[in-house]
Amino acid sequence: MIKEFKEFIMRGSVLDLAVGVVIGSAFTAIVTKVVDGLITPLIGLLVSLFFKTKNLDDAMNILDVKYRGNTFAFGDVISAIITFLITAFVLFLIVKTANKAKAVAARKNGVEEEEEAEIVTTEALLSDIRDLLEAQVAAQKPAETAVKVEAKDPEKPEA
């Protein structure tokens, strides 16, 4: 059982997934700090200018709704949405770049393989054409001794 677990863990896809999770969580922490330290204060500044509040807490509290003693913190939700969108966009760019790099590498390897395949394919086609021509010539030899029947042309008047 330990051997099977070791084989499972050592698979490339599991290791790639683990690395991706660690890097993703570290990157999310960076994005969260950027949103909390830069974007949220900018939003607070804009809200404070619009609603004429004195500080960030008052500006962000304007986005909160209080109902029967419960506070719905829409400012926190907006911050989380912005964090998600930035993280998703950057991950999209990373995946797009990785896919492009894979395509370039595949094209590079594919061109070399295509050149080899073309040589083999061209030789195979030429030998097939030769075989077909030989078969056609062999089939025509008995037909040359047979009587040829010409079809009548309906538009051509009989002489």
Side-chain angles (χ1 to χ4, degrees), residues 1-47 50 60 63-65 72-159:
M1 186 152 149
I2 293 174
K3 182 180 176 183
E4 290 175 343
F5 181 71
K6 183 179 177 183
E7 288 175 6
F8 172 75
I9 292 298
M10 296 309 288
R11 284 187 187 166
S13 58
V14 174
L15 291 175
D16 292 343
L17 179 63
V19 169
V21 168
V22 170
I23 290 174
S25 62
F27 181 73
T28 301
I30 292 169
V31 170
T32 301
K33 293 298 180 184
V34 168
V35 169
D36 291 344
L38 297 175
I39 295 176
T40 301
L42 286 174
I43 292 173
L45 177 65
L46 293 173
V47 171
F50 186 72
M60 294 310 286
L63 299 175
D64 295 346
V65 175
F72 298 95
F74 288 107
D76 294 342
V77 173
I78 291 171
S79 256
I81 290 171
I82 291 171
T83 301
F84 170 76
L85 291 175
I86 291 172
T87 304
F89 181 71
V90 171
L91 289 177
F92 166 75
L93 292 177
I94 290 170
V95 168
K96 185 176 178 179
T97 304
N99 288 339
K100 197 177 280 189
K102 282 182 183 178
V104 167
R107 256 188 269 139
K108 182 179 177 185
N109 292 336
V111 168
E112 293 171 2
E113 291 174 5
E114 284 180 21
E115 289 174 0
E116 293 174 11
E118 282 184 33
I119 294 170
V120 173
T121 304
T122 303
E123 291 173 354
L125 286 174
L126 288 174
S127 65
D128 288 345
I129 291 170
R130 183 196 63 219
D131 294 342
L132 289 171
L133 287 173
E134 287 175 354
Q136 187 178 11
V137 168
Q140 284 180 354
K141 286 184 181 176
E144 288 176 358
T145 57
V147 177
K148 293 183 181 180
V149 178
E150 294 182 14
K152 292 184 180 179
D153 190 2
E155 294 178 8
K156 189 177 182 183
E158 292 183 27

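This one's a predicted model, so the numbers in the text were calculated from it and none came from an experiment. Numbering starts at 1 and runs along the sequence shown.
Evaluation of the side-chain contact (heavy atoms from CB on, under 4.5 Å) rule for Ala73 yields Asp64, Asp76 as partners, not counting sequence neighbours. Residues meeting the side-chain contact (heavy atoms from CB on, under 4.5 Å) test with Ile2, sequence neighbours left out: none.
Ile129 pairs in a side-chain contact (heavy atoms from CB on, under 4.5 Å) with only one of the listed residues (Leu133, Asp131, Leu132), which is Leu133.
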Tabulate below the donor-acceptor pairs under 3.5 Å that side-chain atoms of residues 25-32 make, not counting sequence neighbours, or state none.
from: Ser25; atom 1: OG; to: Val21; atom 2: O; distance (Å): 3.2
from: Ser25; atom 1: OG; to: Val22; atom 2: O; distance (Å): 2.9
from: Thr28; atom 1: OG1; to: Gly24; atom 2: O; distance (Å): 2.7
from: Thr32; atom 1: OG1; to: Thr28; atom 2: O; distance (Å): 2.7

- request: Step by step, work out the side chain to side chain contact (heavy atoms under 4.5 Å, CB included) result for Ile82 and Ile86.
  value: CA-CA 6 Å; Ile82 291 171; Ile86 291 172; 3.8 Å; yes
